[in-house]
Amino acid sequence: MAARKRASSDAAITATKRPSEAAADPQIAPSKAGQILTYSLFFLLPYLYLIFYHYSIESELRKSILINAAISFAGFFLTLAMIPVASLYVLKRNLFGYDINKKGTPQGSIKVPESLGIVVGIVFLILTILFQYFNFTADSNWLVEYNAALASICFMILLGFVDDVLDIPWRVKLLLPSVAALPLLMAYAGHTTIIIPKPLVPYVGLEILDLGWVYKLYMGLLAVFCTNSINIHAGLNGLEVGQTVVIASAILIHNVMQIGALTDPEYKQAHAFSIYLTQPLLATSLALLSFNWYPSSVFVGDTYTYFAGMTMAVVGILGHFSETLLLFFIPQVLNFLLSLPQLSGYIPCPRHRLPRFDPQTGLLTGTNDGTVVNLFLRQFGRMSEKSLCILLLVFQ
Amino acid sequence: REERGRERESAMAARKRASSDATTTAEATTLPSAAAADPQIAPSKAGRILRYSLIFLVPYLYLIFYHYSIESELKKWILINAAISFAGFFLTLAMIPVALRYVLKRNLFGYDINKKGTPQGSIKVPESLGIVVGIVFLVLTILFQYFHFTADSNWLVVYNAALASICFMILLGFVDDVLDIPWRVKLLLPSIAALPLLMAYAGHTTILIPKPLVPYVGLEILDLGWVYKLYMGLLAVFCTNSINIHAGLNGLEVSQTVVIASAILIHNVMQIGASTNPEHKQAHAFSVYLTQPLLATSLGLLSYNWYPSSVFVGDTYTYFAGMTMAVVGILGHFSETLLLFFIPQVLNFLLSLPQLSGYIPCPRHRLPRWAPIYSSGLFDPQTGLLTGTNDGTVVNLFLRQFGRMSEKSLCILLLVFQVMNHTCSLFSLKAAGFVYGTFEIHCPGLKL
């Protein structure tokens with residue numbers, strides 16, 4: 001992902017453009033919204049089927065979920081509209097990068113606007129803030145958690161954007177998500193117990209283990225992990241947003257299944273909570289993907305990966321399904337483990353751990369770096385950036 | 001540029017990154033080691049600032065400890081919060097020099113237009129250091145929750161909603177500083193940021209009719225309902241933007257905030273001490289818990305921003321400060337008093353209205369950075385004095401009434417004016433007892 005960093009955005013632009021000229025600046029390519037919406041039906045149809053037919057969900061709850069879905073749908077179009085506008089401002093301020101995986105081709109010299117995650121973040125916040133007004137199943141406990149979640153996610157967007165603008169050193173960056181997660185940890189009033197897998201019960205001596213503050217530590221680390229793991233499983237057009245969309249879809253289906261199958265109202269409420277935050281995440285991300293999918297017209301910046309990672313950590317924690325969330329993150333875990341030797345400095349770590357791009361053939365070749373991207377290239381041979389990204393999403 | 005020339009931005013815009021769009025090839029590729037050799041900023045004036053803050057601190061502590069008998073529980077929370085805020089002062093002080101290097105590297109700077117023609121007028125002054133204040137403030141207020149064990153869930157909802165609102169405002173302020181959002185959108189931003197607050201606000205939406213007017217209105221208490229929420233949203237827009245336009249002198253934005261925050265704290269303590277209604281006390285305590293960190297971090301920023309400014313604060317700061325004060329005014333249920341404290345800002349807004357609305361031509365100020373800026377008057381490099389123009393701001397008004405003076409003297413004079421306003425306000429609140437009745441009636445059935 002660092003490949004896309006504003007390495008070139010530090011370069012000087014000699015003239016400040018006048019607004020009329022700015023309109024003549026390279027506009028970004030039209031969105032691929034139609035394509036994206038078509039593909040999202042793959043998820044949407046089973047999802048709606050589950051909500052309406054397969055499970056009988058209380059009508060109050062169902063109504064809240066559908067209102068949230070409608071708000072999210074509006075958010076999709078709002079994000080779609082705002083991204084081209086924001087791109088102009090972002091380019092004016094030299095927040096751009098060059099697409100390294102197209103270096104040597106004409107596309108490799110286009111200035112691609114960065115940090116468009118800020119649009120997604122702001123629209124997401126507006127959607128989720130407004131939804132409170134429409135949620136009929138809210139009680140005061142819910143409101144505390146919801147507002148704490150909003151504060152955490154907002155703080156993370158802020159820190160992500162500050163990082164995109166000021167380029168914070170990586171050691172500090174690791175710490176940021178824990179700071180942003182603090183409102184969440186403060187507000188979390190749920191259980192801090194874990195269930196010991198049955199085969200281990202004789203050894204541990206307990207069926208349920210109360211971790212107390214260690215659980216909160218785990219929650220804080222989960223936030224750090226989710227954000228940074230998405231950040232490093234990147235480097236191809238559309239990979240960061242694509243993986244988030246896939247994971248979010250899985251989260252939603254899991255939530256609906258749990259709501260449908262469980263009888264405990266508290267657990268239902270917890271999973272509904274997750275839905276109320278994940279639907280807007282999915283909708284706004286789809287809009288971003290419409291511009292970010294191969295070939296990328298915009299780059300998403302750390303603003304997006306931090307925001308997405310934090311939101312998913314938040315819903316996993318407050319929805320009480322963080323272990324399941326980690327299951328969904330297995331490709332990211334794998335990527336993290338593969339990256340560990342280089343990130344820790346045990347093996348020398350190059351500036352970019354991206355595959356090599358051959359301008360002649362337009363194909364990527366895997367290097368010996370420890371990432372899932374390179375692993376796939378080494379195992380499955382050279383392939384185009386788009387095919388590789390699709391393959392990785394299929395894996396997800 | 002033309003488009004931006006029509007913007008009704010503040011004199012603060014004078015400091016905007018006009019030059020930051022310019023090329024700086026050398027700087028852009030500076031290595032970290034060379035960055036250490038970049039122009040360092042002058043040492044902070046922290047010692048002086050702390051000494052002057054004693055003017056406020058001593059009466060404040062006297063009120064808390066001696067004059068009123070406040071429950072020990074409540075006193076404990078206030079003091080814990082004060083200790084955390086105090087630590088925040090030093091944290092802000094430490095982080096500003098660090099942050100400004102990064103800010104300069106990314107070309108977020110401005111030139112001090114009020115020193116144009118002197119050597120100081122060509123120093124690149126880092127902008128948007130309000131981001132440091134904002135982040136430290138958020139960390140402090142988040143951590144404070146951990147210590148406030150006796151919080152019930154009602155209080156936590158409001159507190160988190162406040163945090164979400166303030167955080168959103170800091171985000172939008174910083175996005176504005178970086179991307180330069182058009183002014184029409186900027187007006188809208190605080191209302192958006194205030195939404196979590198409006199959603200969480202479950203208090204009364206009634207206002208008291210002043211006694212002399214009761215026979216005409218026919219009611220003692222008028223329930224405004226959703227209009228009250230509209231008022232709250234507008235208050236947020238007003239507080240943020242009014243601080244933004246009452247600016248243009250070194251240290252003016254931060255110091256006016258410091259003065260108003262001090263007045264808020266004294267008012268809060270007076271209400272806590274004098275009231276017997278526990279909900280009323282809780283509301284004012286809530287305000288204390290957010291205003292103390294605001295004051296402490298702002299003092300940290302003022303140590304670098306006071307004349308002559310080593311850093312500029314950016315819209316990030318003015319939006320953050322304005323929003324925080326609007327938040328405490330709303331959730332502490334003393335928004336009318338808050339407006340009393342904002343009288344100089346109201347005056348400035350009224351004076352600015354003809355030009356802002358376009359009724360009188362608003363001079364171009366988005367000029368090449370060497371041109372005089374309407375709101376800060378004309379600077380004469382020979383004498384070092386500012387002269388007032390005919391523009392509609394309190395800054396120019398004072399210069400026209402009191403004659404030419406240096407930037408520093410003018411800023412101090414404006415602050416004295418602010419302090420006088422607070423003193424009068426606080427005394428008149430006591431006198432207002434006979435008009436409004438006791439403040440207990442102000443919060444019937446308060447459902448916080």
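Just so we're on the same page: letters track the sequence lines, and every chain starts at 1.
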Notebook entry, point to check: Do A/V90 and B/L179 have side-chain heavy atoms sitting under 4.5 Å apart?
Noted result: yes

Checklist line | Structural part of A/I118 lying under 4.5 Å from a heavy atom of chain B | finding: side chain

Checklist line | Presence of salt bridge, A/D163 and A/K173, under 4.0 angstrom | finding: yes

Checklist line | Part of B/I135 lying under 4.5 Å from any heavy atom of chain A | finding: both

Next item on the list: Report yes if some heavy atom in the side chain of B/I84 is under 4.5 Å from a heavy atom in the side chain of B/P293; otherwise report no.
Entry: no

Margin query: My understanding is that only residues two or more places apart in sequence, or in another chain, count here; which of them pass side chain to side chain contact (heavy atoms under 4.5 Å, CB included) with B/V185?
Written below: B/I181, B/P182, B/L189

Checklist line | Pick from B/L138, B/L172, B/L163 with the largest number of heavy-atom pairs that fall under 4.5 Å of chain A | finding: B/L138

